[in-house]
Asks: 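Structure in structure tokens, see below.
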Amino acid sequence: NNIEVNDILYNNNKVLGIIIIEPLKIYKYTLGNESFKASENIYLFNASKTAMNKIKIESNIVYHLLTEQRNFYVNNTLFHDYDYALEKYL
């Protein structure tokens with residue numbers, strides 16, 4: 001939400017860019033006590049094996065990060081960055 005280019009994230013991971021997209025479908029994902037919105041093409045590692053709920057929502061844009069390490073953490077959940085997710089479709 002308040003992340004900017006050149007910010008340093010957990011594990012000294014630098015934000016290289018922020019991608020704004022307008023996907024056809026946007027979902028609200030809930031993982032434990034955390035929630036976030038994303039497209040269907042999200043790659044994350046849920047180490048705690050917490051149940052995840054997915055609900056389609058009305059929204060126009062989604063923000064994706066580009067990072068030096070090609071991933072980033074939100075609390076204990078590892079998310080892969082935009083480039084990593086994009087390569088899965090190439």
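If you read the sequence from its start, that first residue is 1, and numbering goes on from there. These numbers come from the heavy atoms of this one structure, side chains and all, not from hydrogens, waters or symmetry mates.
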Asks: Heavy atoms only: give me the nearest P23-N60 pair and the separation to one decimal.
Replies: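 What the structure gives for the nearest pair is CD-O, 4.3 Å.
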Asks: First locate atom OG of S39, then atom CD of E22, and finally report the distance between them rounded to the nearest 0.5 Å.
Replies: 12.5 Å
Asks: For the atom pair NE2 (H64) and CD1 (I21), what is the distance rounded to the nearest 0.5 Å?
Replies: 3.5 Å
Asks: Roughly how far, to the nearest 0.5 Å, is the NZ atom of K25 from the NZ atom of K54?
Replies: 8.0 Å
Asks: State, to 0.1 Å, how close K28 and I57 come at their nearest heavy-atom pair, and which atoms those are.
Replies: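 For K28 and I57, the tightest heavy-atom pair comes out as CB-CG2, 3.7 Å.
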Asks: State the CG-CG distance between L65 and D7, to the nearest 0.5 angstrom.
Replies: 9.5 Å
Asks: Apply the test side chain to side chain contact (heavy atoms under 4.5 Å, CB included) to residues I42 and F36: give CA-CA distance (whole Å), side-chain angles for both, the deciding distance (0.1 Å), then the verdict.
Replies: CA-CA 11 Å; I42 188 166; F36 54 93; 3.6 Å; yes
Asks: Given side chains that start at C-beta, do those of M52 and T30 come closer than 4.5 Å, heavy atoms only?
Replies: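 A side-chain contact is absent here, since even the closest heavy-atom pair is not under 4.5 Å.
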Asks: Take the angle between the ring planes of Y10 and Y73 and call it parallel below 30°, perpendicular above 60°, tilted in between.
Replies: perpendicular
Asks: Go through the steps to decide whether N71 and N13 satisfy the test side chain to side chain contact (heavy atoms under 4.5 Å, CB included), and finish with yes or no.
Replies: CA-CA 8 Å; N71 58 51; N13 191 5; 4.1 Å; yes
Asks: Scan N11, L9, D81 and name whichever one has a side-chain contact (heavy atoms from CB on, under 4.5 Å) with Q69.
Replies: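 Exactly one pass, corresponding to N11.
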Asks: A quick test of your reading: do over 12 heavy atoms of other residues, nucleotides or ligands sit less than 6.0 Å from CG of N33?
Replies: no
Asks: Is there a side-chain contact between L66 and I19 in this structure, where contact means two heavy atoms from C-beta onward sitting under 4.5 Å apart?
Replies: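 The answer is yes, as the side chains (C-beta and beyond) meet within the 4.5 Å cut-off.
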Asks: Would a hydrophobic clustering, with Ile, Leu, Val, Met, Phe, Trp and Tyr connected at side-chain separations under 4.5 Å, put V15 with I20?
Replies: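 Linked within one cluster.
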Asks: Closest approach of V5 and G17, non-hydrogen atoms and distance?
Replies: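 Heavy atoms only, the tightest pair is CG2-CA, 3.9 Å.
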Asks: Decide whether a cation-pi geometry holds between K56 and Y27; the criteria are a distance under 6.0 Å from NZ or CZ to the six-membered ring centre and an angle within 45° of the ring axis.
Replies: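 Negative - K56 is either too far from the ring of Y27 or too far off its axis.
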Asks: Which pair of non-hydrogen atoms, one from E40 and one from Y29, has the smallest distance, and what is that distance?
Replies: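 In terms of heavy atoms, the two residues are closest at CA-OH, 3.8 Å.
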Asks: Checking the side chain of K37 only, and the main-chain atoms of I61 only, is there a donor and an acceptor separated by less than 3.5 Å?
Replies: yes
Asks: Rounded to the nearest 0.5 Å, how far does CZ of F72 lie from CG of L44?
Replies: 9.5 Å
